[in-house]
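For reference, positions follow the sequence shown, starting with 1.
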Amino acid sequence: MNKFAAAFLIFVMGFAGAAAAETYTLTIKDHKFDPAELKIPADKAATLVVKNLDSTPEEFESKPFRIEKVVPANSEASFQLRAMKPGRYKFFGEFHEDSAKGEVVVE
């Protein structure tokens, strides 16, 4: 196998692995996240989908995941999460911090 073919194969395998990341969904309803505690496996990248079912926007924020994004009313946003070590990682809705809060539990 020549160097170009080997490099291409490595690229394709890496892309296929990224596409196989598990997807986890959080919903926002009545300014609360469901589930408020989301469990994901450690040391694996993941995709997080945040669905805002409310009639008002919410800003999804997580300092540990380095995410800060407004999710418009009745819409959704997707985020790629890097592989994380075991632990608890907080997130919240900045527009309704008193009720829109939760944690991702990495185990």
**Asked** Any luck finding a side-chain donor-acceptor pair between His31 and Glu58 under 3.5 Å?
**Response** no
**Request:** Check salt bridge (Lys or Arg N to Asp or Glu O under 4.0 Å) between Lys69 and all other residues, then give those that pass, not counting sequence neighbours.
**Result:** none
**Fill in**
When every non-hydrogen atom of Arg88 is compared with those of Val105, the smallest separation belongs to NH1-CG2, 3.6 Å
**Request:** Write down the atom of Glu76, the atom of Val49, and the distance for their closest heavy-atom approach.
**Result:** OE2-CG1, 3.8 Å
**Request:** List the atom of Phe95, the atom of Pro57, and the distance in Å for their closest heavy-atom pair.
**Result:** CD1-O, 3.4 Å
**Message:** Show the nearest heavy-atom pair for residues Gly93 and Phe33, with the distance to one decimal.
**Reply:** N-CE1, 3.6 Å
**Message:** As a quick check of understanding, evaluate side-chain contact (heavy atoms from CB on, under 4.5 Å) for Leu81 and Ile40, giving each step before the final call.
**Reply:** CA-CA 10 Å; Leu81 304 181; Ile40 66 172; 4.3 Å; yes
**Asked** Mind checking whether Lys85 and Asp43 have side chains closer than 4.5 Å, heavy atoms only?
**Response** yes
**Prompt:** Is the centre of the Phe65 ring less than 6.0 Å from the centre of the Phe91 ring?
**Reply:** no
**Contact summary for Ser62 and Lys90, nearest pair of heavy atoms** = OG-O, 3.1 Å
**Closest contact, heavy atoms only, Val106 versus Ala42** = CG1-CA, 3.3 Å
**Message:** Closer than 4.0 angstrom, basic N to acidic O: yes or no for Glu68 and Lys63?
**Reply:** no
**Asked** Pro86 versus Glu107: any side-chain heavy-atom pair under 4.5 Å?
**Response** no
**Item:** Set of residues satisfying side-chain hydrogen bond (donor to acceptor under 3.5 Å, both in side chains) with respect to Lys39, sequence neighbours excluded
**Value:** none
**Message:** Looking at Lys29 and Asp34, is there a salt bridge between them, counting it only when a charged N and a carboxylate O are closer than 4.0 Å?
**Reply:** no
**Asked** Should Phe92 and Leu38 be regarded as members of a common hydrophobic cluster, given that ILVMFWY residues are connected when their side-chain heavy atoms come within less than 4.5 Å of each other, either directly or indirectly?
**Response** no
**Request:** Return yes when atom CZ of Arg66 has more than 12 non-hydrogen atoms of other residues, nucleotides or ligands closer than 6.0 Å, and no otherwise.
**Result:** no
**Complete:** From the list Val70, Asn74, Thr27, Ile28, side-chain contact (heavy atoms from CB on, under 4.5 Å) partner of Asn52 resolves to Ile28
**Complete:** Taken to the nearest 0.5 Å, the spacing of Lys32 NZ from Asp54 CG works out to 11.0 Å
**Message:** Suppose we screen for ring-ring contact (aromatic ring centres under 6.0 Å, His included). Which residues come up paired with Phe79, at least two apart in sequence or across chains?
**Reply:** Phe60
